[in-house]
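This report concerns only the one structure given below.
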Amino acid sequence: MTDYNFAYLDEQTKRMIRRAILKGLAIPGYQVPFASREMPMPYGWGTGGVQVSAAVLTPEDTFKVIDQGADDTTNAVSIRSFFERTAGVETTTDTSAASVIQTRHRIPEEPLKEDQILVYQVPIPEPLRFLEPRESETRKMHSLEEYGLMHVKLYEDISRHGHIATSYAYPVKVEGRYVMDPSPIPKFDNPKLGDMAAIQLFGAGREQRIYALPPYTQVVSLDFEDHPFEASKADQVCGLCGAEDSYLDEVIIDDAGGRLFCCSDTDYCLGRRNAGHQGSSLPGNEVAA
Amino acid sequence: MTPLLSVHGITKHYGTHIGCADVSFDLYPGEVMGIVGESGSGKSTLLNCMAGHLAPDAGAVVFDTRTDGPKDTVTMSEPERRMLGRTDWAFVHQHARDGLRMGVSAGGNVGERLMAVGERHYGDIRNRATDWLDRVEIDAGRVDDRPTTFSGGMQQRLQIARNLVTGPRLVFMDEPTGGLDVSVQARLLDLLRGLVRDMGLSAIIVTHDLAVVRLLADRLMVMKSGRVVEAGLTDQVLDDPQHAYSQLLVSSVLQV
Amino acid sequence: MYVAVKGGERAIENAHAWLAEERRGDATVTELSVVQIREQLSLAVNRVMAEGSLYDPDLAALAIKQARGDLIEAIFLIRAYRTTLPRFGSSEPVDTGSMECDRRISATFKDLPGGQILGPTFDYTHRLLDFKLAADGEVTEAPTRATSATPVPHVTDFLNREGLIEEAPHDDTEPPDLTREPLEMPANRALRLQALTRSDEGFTLGLAYSTQRGYARNHAFVGELRIGAVAVEMDIPELGFSIDIGEVTLTECETVNQFKGSKTEPPQFTRGYGLVFGQSERKAISMALVDRALRWEELGEDNVGAPAQDTEFVLYHADNIQATGFLEHIKLPHYVDFQSELELVRKLRREAGADQVREAAE
C-alpha cells in the first residue's frame, strides 16, 4: 500500500498527535483535545487507539493488537492487518515480544516492561459524562477539582445495592489530581494501571481526546474507606490452562447451558498451556464435549 | 469585632435598568439580616451578587475567611469562590428543585457537600445524613428515597439539611418559605429559627413576607427600585417605619 | 473438547468476498457505471459531497457504487479518503452574489430584481410514480432561454439597505477548520456553520422542524434560496494575486427571521444562514433554521431549553459518521465488560437471595 504514508497518517498529523501525547504524559490523567482525523474505520471501533498507534509506531516496532484480551477477535484482526498493510511493521501475538500493544477493554495478564507502550481504545474519555452531559461544565469540574459528584454516584450505588455497582470503566484518580476513565477495562484490571513500567496512552477518536499515564504513575480506584475497591473476577479457574489469577471469559458450550470459563487473555492462556499447565476441559480432563 | 461579611457599594445594571444600586452594610457573626421589598425591588439581584451567582458591575463583598481573614469574594478566583460555596457558605433556593439533585437519594443529597470536601467514609456520611434528616424532621427511613417522592415542605427541609451539614458560617436564603402552604411555612420558620439559634448561624434572608423577617431577622433593610430606602433593627423598622414606602409595606401586611 | 472461536482473519476475508458479490447483484443485469451514478443519481452524489466535505462528483459516485447505495457508508468512504489529502490552503470566500443561478426563489417578495427562477425542482411535480421511466421513456427536452450575464442581487441586501435586517458583520479572519482542530466549546458561528454544513441531513431536518413546531420558534421566512455555480478563487502567494481554480455548485439559503429590538434599538429582522455543496435545498433551509436557533444568546433571546438552541447538543450529535460508528460499535464484542456485569449481578442477586432466606428464617 504505497499510496499512503507510513502508518497511514501524514507526518504533520502524526506530529500533532505526538504533541498531544507528550502533553498528556506531562499532565497524567488530563484529557488533551486533539484534532482527530477521519480514519478508514468507523468511529467507536478504535479510531483513537489507531491514531495514537500510528503516531508512536516506528518501522522497527513489533505490534500486537488485542480486543477483549484476545488476538483473534475480528476487530483486533482487522486493526492488525491495517497496520501490516499501511506500516509494514512486524506483528505478534506474544505479549512480551511486542513493543507497542493496542488494546480494547483489557490489560494483558503478563506484567509489561519499560520498553513497551500500551495503547488503549477509548469510547467515552470523560468519567463525569454520565453525571454531567455538558463538556464545558465537565472541563470546569476537572480544572477546579470538583469531584464530589463522582462520589455521590458511588454513594448511591452502595445505598441501593450494598456495593459500588461499577464493574468496568471504573473511575480512578491519577497522582491525586485528575479523575480519569481507564476505558472499559474490567475493574479486575484496575490495579495494573498504577505503577506500571510501560507507558500507557489512551486515545478517543470520536471524542477527540488523548490522555496518558507515564511509567510508574500513582493510580487509585475511587472508593470509600469502609467500602474499599475490590478487583473481582469470576470465582473460577481457567478450563484450558488452569490459571487461577487471570480474568476469565464465560463461554456457553451446549444447549443445556453448560459453561466453560477460560482466560480472556489468549496469549497468556496459550503460554501457560505450552508450559505444561492444563485445565479440566482439555482432552483427558474433559467435563463437557 | 470584624464583620463576617462587609458589603460595599454593590451595583448591578441590566442594560439601562437598575438591578440594585450602591448597597452597603455589615453583617456580624451570629446576626440575621432580612432584606424585604416587593418583586422587582432588586433584593434577589443583590442576594445573587453577594453569593457570587451574578457578577456585580461595581462594589465589593468582603468575607472574613477562616484562613486569610477578610477577602473580597467578587475579585477572588473562581476556584476559591466555589470552594467557599461548598464549605463556609450555603444557599437555600426558593424552589427546592433548584437546590437539590432530584435524581439522587435524600442521603446522597445531604452527603454531597461532605464528599465534596473529602469525606470518604460511607458509614459516617450516611450517619451524618440520617442525623440531619432527623434535625429537619424527616423520617430517617426516607434516607434512600429520592426528593421527587417528598412533599414541598419536606423538599425544602431537605434542601436546608443539605446546606447546613458542613456547618457553614453564612447562609443565603432566597424566599425560603415562598410557594409553601401557610401551615407548612409556619413549621419551616419554626425549624429555621431553632437552627439559626442553635448553630449561631449568620444569615441573609430575602423575602417579601414580613412575618418571616419578624420571626428570624435581627436587622432589616427595605429595598425599592434597587435602592435601600430604610434599614434598622427589625422591630424598630416594622413597628415604627420612617420611609413612606416602608410604611406602605407594613400597613399592607397589617391589613391582611 | 472446547475449541475457542478462531480464525477472525478467514471469516473477514470471506465476508468481504460475499459483500463484493452482493454489491454486484444479479450478474446478468448490466453493471451500473460510476458515470451513470454521477449523472442520474446526482442528488445522492450531492449529498455525499456535502456531508463528506469533499467536492468531487466522480469520487462521490464511486463511493455510492462501492457502498451499494448506502449514503452514510458512501460519506464515510469520502471522509476517510479526504483525511489522506494534503491541505494546500484556503480559498477566497466564494461570491454567491455572482452565482450563475439555476434556481433562485424568494418567499418574501413576489417579484424582485433578478426574478424568481424555479429551476429543476420537484416542488410542483405531482408525486405520481412515472411508469414511463420504468419503460425507459424518452426525456422531453426542456425549453431554454439565453441567460442574462447580470449578477443577481441578494434579497437581504435590499432589506439591509433600509436597515431592516441586522448587519452581517464583515470578518476577514480565516475560519477554524474543524477537520484540523478539535471541536472546542463554546463554538463561534463560523465553526457552527461548518459543522452544520457537513451535518447529517436527517438530523438537521429534524432539528429545524422542531423549531417550527415551537421548540425555539424563530419565525423564519426563506428570504432567498439560490442554487448555481460559483467560481473558487485562491490566492497564490508565488503569483501575488488570486486565480480561478475551478467551480462548485452550491445551495445557499438566507432566512429572514423574527425581529428583535429594545428600547434603544429599533426592531430589525435577524438572519439565519445555510450553505451546502451541490443542490441540497432541504439541507440548506434546515441549516439556516438551526443556525438561527443557535444564535439565541448573541441576540439576547431566552433559552427555552429547546434541543436546537443547545450548541453542544447539536454539534456533538450532528455528524452522522461519528454517530453511526459509535452506534454500531455496540455490535463489537463486549464480553469482557459483560462478564464483569454478569459477575456483579450474580453477586448482588446472591446477596439479595440470602437476605430473603434469612428473613424467612427469622
Side-chain angles (χ1 to χ4, degrees), chain A residues 27 29-30 127-166 170-180 187 190 194 218-230, chain B residues 52-53 76-87 89-91 99-130 132-133 138 140-149 158-159 161-163 165-166 168:
Chain A
I27 317 169
Y30 170 74
L128 305 165
R129 179 60 67 239
F130 301 109
L131 303 168
E132 170 55 60
R134 216 152 283 279
E135 179 69 18
S136 43
E137 184 59 25
T138 53
R139 286 191 78 78
K140 194 174 268 181
M141 290 161 81
H142 282 293
S143 66
L144 302 180
E145 257 186 288
E146 282 190 3
Y147 295 130
L149 197 54
M150 197 83 227
H151 267 89
V152 171
K153 198 245 164 220
L154 303 181
Y155 173 96
E156 291 290 286
D157 273 3
I158 300 173
S159 69
R160 188 165 319 143
H161 304 291
H163 295 277
I164 294 173
T166 300
Y170 192 104
V172 295
K173 196 161 198 184
V174 179
E175 289 290 336
R177 176 58 181 86
Y178 285 99
V179 167
M180 184 190 98
K187 65 177 182 174
N190 268 31
Q218 184 206 59
V219 179
V220 179
S221 302
L222 300 184
D223 61 2
F224 286 104
E225 288 156 19
D226 48 344
H227 284 264
F229 170 81
E230 223 182 312
Chain B
H53 299 168
M76 73 169 42
S77 70
E78 192 178 2
E80 261 185 299
R81 197 165 45 238
R82 281 199 180 205
M83 188 56 162
L84 265 188
R86 54 182 198 256
T87 51
W89 284 9
F91 195 102
L100 291 173
R101 292 192 189 280
M102 299 307 280
V104 165
S105 70
N109 263 294
V110 180
E112 178 171 353
R113 276 173 77 107
L114 294 171
M115 292 183 259
V117 295
E119 192 68 60
R120 291 290 178 267
H121 190 284
Y122 174 83
D124 289 351
I125 294 165
R126 193 176 171 80
N127 287 341
R128 285 179 66 185
T130 320
W132 264 99
L133 291 187
I138 294 174
R142 305 291 305 267
V143 66
D144 291 332
D145 294 344
R146 293 186 178 190
T148 40
T149 65
L158 179 63
Q159 192 195 179
R162 169 182 161 91
N163 270 286
V165 65
T166 47

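Letters A, B, ... mirror the listed sequences (proteins, then strands); counts begin at 1. These figures come from a predicted structure and were not determined experimentally. Atom set for the values below is all heavy atoms of this structure, side chains included, hydrogens, waters and symmetry mates excluded.
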Which bit of A/His151 is near chain B, if near means a heavy-atom gap under 4.5 Å: side chain, backbone, both or neither?
-> both

With A/Leu144, which of B/Met83, B/Arg82, B/Glu80 fulfils side-chain contact (heavy atoms from CB on, under 4.5 Å)?
-> B/Arg82

For chain A, find which of B/Pro79, B/Ser105, B/Gly111, B/Gly103 contributes the most heavy-atom pairs closer than 4.5 angstrom.
-> B/Ser105

A/Asp226 side chain vs B/His121 backbone, donor-acceptor pair below 3.5 Å | no

Side chain from CB out, backbone as N, CA, C, O: work out which of these in B/Arg101 comes under 4.5 Å of a heavy atom of chain A, or both, or neither.
-> side chain

Smallest separation among heavy atoms of A/Ser159 and B/Arg126, with atom names | CB-NH1, 3.6 Å

If you count the non-hydrogen atoms of other residues, nucleotides and ligands that lie under 6.0 Å from CD in B/Glu78, is the total more than 12?
-> yes

Name the region of A/Lys140, side chain, backbone, both or neither, that has any atom closer than 4.5 Å to a heavy atom of chain B.
-> side chain

So do the side chains of B/Glu112 and A/Tyr155 get within less than 4.5 Å of each other, counting heavy atoms only?
-> no

